[in-house]
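One-based numbering, in listed order, for ligands and for the atoms of each. Basis for what follows: all heavy atoms, side chains included, without hydrogens, waters or symmetry-related copies.
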Amino acid sequence: MSHSYITYLECSGCGRMYSHEELHTYCRACTSPLLPRYDLESARRRVDRDRVSRRERGMWRWHELLPVLTPENQVFLGEGDMPLLPLPFLGSDLGLSHLFVKDESMNPTGSFKARGLASAISKAKELGVEKVIIPTAGNAGGAMAAYAARAGMKAHIFMPKDTPHANMEESRMVGAEVTLVDGLISDAAKLAGEKAAAEGWFDVSTFKEPYRVEGKKVMGFELAEQFGWQLPDVILYPTGGGTGLVGMWKAFDELEKLGWLEKTKRPRMVAVQAEGCAPVVKAVKENASACEFWQGAQTIASGLRVPKSFADRLILGNIYASGGTAVAVSDEAILESQSHLARLEGIFAAPEGAATLAALKQLIQQGWLDPDERIVLFNTGSGLKYLKPA
Ligand SMILES: *Cc1c(COP(=O)(O)O)cnc(C)c1O
Ligand SMILES: [Zn+2]
């Protein structure tokens, strides 16, 4: 029995192969993201899905399908196994009979970024990395700082100076060095990239290393398990860099190849963005295969303030393959939905999570949904992280 069935890294653009036993970032030939591949044939024969279900809770119970080769390198703070909660009051208010939220807010550091950074930092540790750097819209920095501390690494974080206060404080608290940037995450990314090259620090930017997406992929495994090894009909996902959307689609692919699904019907994937930063929505409207850089990005949902994802082609390809769509919502609609969800169901969602409810209301109006479909909203973080200091 292998602890991990990872076999190599594959370029999502040109198909070139790279070794998972060396430190890699993205494809040197075509600058596309690298995706880990596994020996799913062997895993299908040797790994029993029901045994995975009986293991102790947490993301690493899926270790055969994660990239870390030995358990000692798994950096664990309790991430994963977030609840799938029915939303009966909101559902009846909206005329939907099977509405759910996958509530990621109880992850370490209060957002689902914990999953991706747990995976990336663990693999970096395994490959001997001691210093890491990240440009962040907020929550990724806080999560990376926490996992780096737990792994005994030095963390450097570049974030826009108007990033939520909690993200700065949580990063500093665990010993990270925080640099505030006058600009957007794209400006922070440029500075962090230069710094990484100059100092030899490992850059953990979204999709510029191959393993964050693997942690996010586990959300797709959990969903399948929580729905009795079937998949829901529609998933609404707040999309910035797109790791969760791409990760879940990858998970569904792997589950199919493993033969773990009772039915192979895939969900329609809906990317939700803010009107003030909606490059994916614009591309979907134009049926484009890549995004344009969004000028002057602005929204209260800081995690969605990503003018152009490094994985734009993957995001769009997955949306089209799923028969899904992309929806932009205003900040006013986000705030209105945030209190709607809170009052009816007792869940104080992050603005990014609330955005999925605002998008759901648009899709209902357009008649895009069947009221009997199983619909999953993603609440990607806790609303508590966005409170302003007095
Ligand atoms: C980063 C973030 C997002 C966007 O996630 P991606 O996987 O980068 O698309 C959504 N919600 C919250 C709370 C985030 O921190
Ligand atoms: Zn390539």
Side-chain angles (χ1 to χ4, degrees), residues 9-18 24-35 82 102-105 107 109-117 119-120 134-144 159 163-164 166-167 170 185 189 204-208 210 212-217 219-220 235-250 269-274 277 279-280 291 299-315 318-319 326 334 338 348-356 359 377-386:
L9 304 173
E10 183 181 30
C11 173
S12 60
C14 71
R16 199 172 294 248
M17 287 161 73
Y18 293 86
H24 286 292
T25 52
Y26 48 86
C27 181
R28 289 186 296 268
C30 77
T31 63
S32 299
L34 302 178
L35 296 174
M82 292 295 117
K102 177 84 169 153
D103 191 359
E104 292 287 320
S105 65
N107 270 303
T109 69
S111 92
F112 77 150
K113 288 292 194 302
R115 294 176 180 270
L117 273 309
S119 170
I134 198 169
T136 174
N139 287 321
M144 189 192 79
M159 54 172 67
T163 298
N167 296 131
E170 67 179 340
I185 186 174
V204 197
S205 298
T206 308
F207 280 112
K208 289 188 181 164
R212 278 173 65 180
V213 67
E214 296 300 284
K216 293 276 186 85
K217 147 183 117 174
M219 298 189 298
I235 292 176
L236 286 92
Y237 179 80
T239 306
T243 41
L245 194 148
V246 172
M248 283 192 277
W249 196 251
K250 185 172 190 284
M269 305 297 286
V270 180
V272 177
Q273 300 199 299
C277 183
V280 172
C291 293
T299 168
I300 53 165
S302 45
L304 305 184
R305 219 164 44 150
V306 180
K308 185 182 186 328
S309 169
F310 193 65
D312 55 341
R313 289 175 181 275
L314 283 171
I315 296 168
N318 294 349
I319 292 170
I334 289 176
Q338 192 179 36
F348 183 14
E352 295 87 346
T356 64
L377 306 178
F378 262 83
N379 176 33
T380 44
S382 167
L384 294 173
K385 293 194 79 177
Y386 299 74

- Between Asn107 and Glu104, is there a donor-acceptor pair closer than 3.5 Å when you use the side chain of the first and the backbone of the second? yes
On a heavy-atom basis, the closest approach of Pro135 and Ile185 is O-CD1, 4.2 Å
* Pi-cation contact, Phe310 with Lys208 (under 6.0 Å, within 45°) -> yes
Under 2.8 Å from the Zn ion (ligand 2), the protein N, O or S atoms found are Cys11 SG, Cys14 SG, Cys27 SG, Cys30 SG
Side chain to side chain contact (heavy atoms under 4.5 Å, CB included) test vs Phe112 passes for just one of Met219, Met82, Lys102, Glu352, namely Met219
Between the main-chain N or O of Gly241 and the side-chain N or O of Ser309, is there a donor-acceptor pair closer than 3.5 Å? yes
Electrostatic pair Lys250:Glu214 at N-O distance under 4.0 angstrom
yes
Per the under 4.0 Å non-hydrogen criterion, ligand 1 touches Phe112, Lys113, Asn139, Lys216, Tyr237, Pro238, Thr239, Gly240, Gly241, Gly242, Thr243, Gly244, Gly303, Glu352, Thr380, Tyr386
Heavy-atom donor-acceptor pair, Gln273 side chain to Leu304 backbone, under 3.5 Å: no
How about Ser12 and Leu34: do any of their side-chain heavy atoms sit closer than 4.5 Å? no
Here the pair of heavy atoms bringing Thr109 nearest to Lys385 is O-NZ, 2.6 Å
